[in-house]
Protein chains: 2
Amino acid sequence: MDTIGFEHHDHDACIDDGTAAVAAYCARNGLQFTRQRRRVLEILLEEHRALGAYEILDRLREEGLGSQPPVAYRALDFLTRHGFAHKIERLNAFIACTHMGENHAPAFLICRACSAVAETYADPSEGVLGRAAREAGFRIERAVIEAEGLCPNCRKERAG
Amino acid sequence: MDTIGFEHHDHDACIDDGTAAVAAYCARNGLQFTRQRRRVLEILLEEHRALGAYEILDRLREEGLGSQPPVAYRALDFLTRHGFAHKIERLNAFIACTHMGENHAPAFLICRACSAVAETYADPSEGVLGRAAREAGFRIERAVIEAEGLCPNCRKERAG
DNA sequence: CTTGATATGTTATAGTATTACATTTATCAA
DNA sequence: TTGATAAATGTAATACTATAACATATCAAG
């Protein structure tokens with residue numbers, strides 16, 4: 001699995017593919033991929049950074065789709081519930097999933113300089129955390145794993 | 001390093017030792033361990049679960065120490081800035097550090113049933129996450145690592 | 001076509017956190 | 001000891017994040 005978000009890539013395809021994958025999944029599974037849900041996903045897919053619910057709501061409002069908080073939160077709830085988007089707890093913000101379809105235990109790399117967020121993978125039951133949990137008798141069901149630091153682009157800019 | 005929080009232990013000592021350790025550290029480093037800061041730390045130390053800022057503020061209010069949000073947030077800011085307490089991002093809540101003095105990369109095990117929180121250790125630069133970060137050219141400076149699941153006590157209760 | 005489930009519109013409110021500024025207290029050098 | 005500076009506190013106001021509640025509309029299955 002690749003870490004997606006920092007390197008150059010075909011961003012239009014990124015949006016189109018993401019939307020298409022979700023549309024297909026919804027069709028297969030009898031989920032309603034409504035206008036609002038689709039639009040919120042597109043808004044998230046447009047950026048590789050996390051957007052606050054109210055930022056998203058502003059966009060929806062401009063476009064004449066809903067103007068009240070629940071509109072944004074409901075769409076985000078749908079998207080996160082099905083793994084099409086993720087909440088970044090550290091930022092109280094949301095980002096489109098970049099590993100659609102893969103059954104994932106997502107982890108995030110957050111650049112403190114440019115706010116880019118890349119999604120990667122980190123199984124919580126592996127490594128030190130998994131060992132500590134087993135030793136304590138704790139059963140991990142999910143995990144928030146969000147690393148903060150400098151992305152490769154911002155490191156270069158600082159001659160680091 | 002032990003994972004502290006689920007198993008039985010001498011909780012009074014837990015509070016006394018924690019407060020003493022912080023007091024000593026502050027004395028050594030010219031930090032002001034004021035009444036409010038001490039009291040907030042004590043409040044946190046009384047429980048091995050995360051408390052919201054307003055829960056803490058309620059306690060302070062009852063005791064006649066401050067009643068406005070900044071009172072709680074300032075004390076929490078001091079405590080977290082110096083590693084005496086940690087914020088649990090998933091819960092928007094705070095918990096006293098149980099590994100005072102140890103230079104740590106804290107990770108947390110959060111029980112979804114009883115809300116107990118145990119602090120453990122997980123170096124973010126190790127394991128899959130560290131490898132993914134290195135491959136992406138990302139430099140990790142800190143990480144939020146919060147596992148959710150069932151603590152040993154709650155697992156037993158559910159005959160799991 | 002109707003019934004039950006799902007989604008949307010909207011108002012109100014709850015919960016979390018910060019800004020701003022006045023005042024007080026602590027620290028330290030003269 | 002005093003005066004200057006920095007740090008901490010008191011307090012009001014406000015910003016940001018999220019959910020509850022309920023009416024209406026739309027969809028999906030029989």
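It should be emphasised that the depicted structure is a prediction, and the values quoted were computed from it without experimental measurement.
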- Task: Nearest-nucleotide wise, let me know which of B:Arg35 and A:Phe94 is further upstream toward the 5' end of DNA chain D.
- Result: B:Arg35
- Query: Under 4.0 Å: is that the gap between some side-chain N or O of B:Asn92 and OP1 or OP2 of C:dG15?
  - Reply: no
- Task: Please report, rounded to the nearest Å, how far the C1' atom of D:dA8 is from the CG atom of B:Leu76.
- Result: 15 Å
- Query: Nearest-Å distance, CZ (B:Arg90) to C1' (D:dT17)?
  - Reply: 15 Å
- Short side-chain N/O contact from B:Tyr73 to OP1 or OP2 of C:dA17, under 4.0 Å: yes
- Item | Close side-chain approach of B:Phe84 and B:Thr80, heavy atoms under 4.5 Å | no
- Message: Any side-chain N or O of A:Gln36 below 4.0 angstrom from OP1/OP2 of C:dA7?
- Response: no
- May I have the distance from B:Phe78 (atom CZ) to D:dA8 (atom P), rounded to whole angstrom? 7 Å
- Task: Answer whether the closest heavy-atom distance between the side chains of A:His48 and A:His9 falls below 4.5 Å.
- Result: yes
- Item | Nearest non-hydrogen partners of B:Pro152 and A:Ala136, listed with the distance | CG-O, 3.1 Å
- So do B:Phe6 and B:Cys114 actually touch side chain to side chain, heavy atoms under 4.5 Å? no
- Task: Calculate the interatomic distance between A:His82 atom NE2 and C:dA7 atom C1'; express it in whole Å.
- Result: 12 Å
- Message: Output the rounded distance in Å from CG (A:Asn29) to P (C:dT6).
- Response: 15 Å
- Message: Nearest whole Å is fine: how far is D:dA25 P from A:Gln32 CD?
- Response: 17 Å
- In residues 42-70 of chain A, which ones come under 4.0 Å of DNA chain D, going by heavy atoms? A:Tyr54, A:Pro69, A:Pro70
- 5′-ward residue of the pair B:Leu31/B:Val71 relative to DNA chain D: B:Leu31
- Message: Using OP1 and OP2 only, check whether a side-chain N or O of B:Lys87 sits under 4.0 Å from C:dA17.
- Response: yes
- Message: Nearest whole Å is fine: how far is C:dT8 P from A:Arg39 CZ?
- Response: 15 Å
- Message: What contact category does B:Arg74 fall into here, base, sugar-phosphate, or nothing, at under 4.0 angstrom with non-hydrogen atoms?
- Response: base
- Message: Strictly distance-based, threshold 3.5 Å: is any side-chain N or O of B:Arg74 a donor or acceptor partner for the main-chain N or O of B:Gln36?
- Response: no
- Correct closest heavy-atom pair for A:Ala116 and A:Arg49 would be CA-CB, 4.4 Å
- Message: Closer than 4.0 angstrom, basic N to acidic O: yes or no for A:Arg59 and A:Glu62?
- Response: no
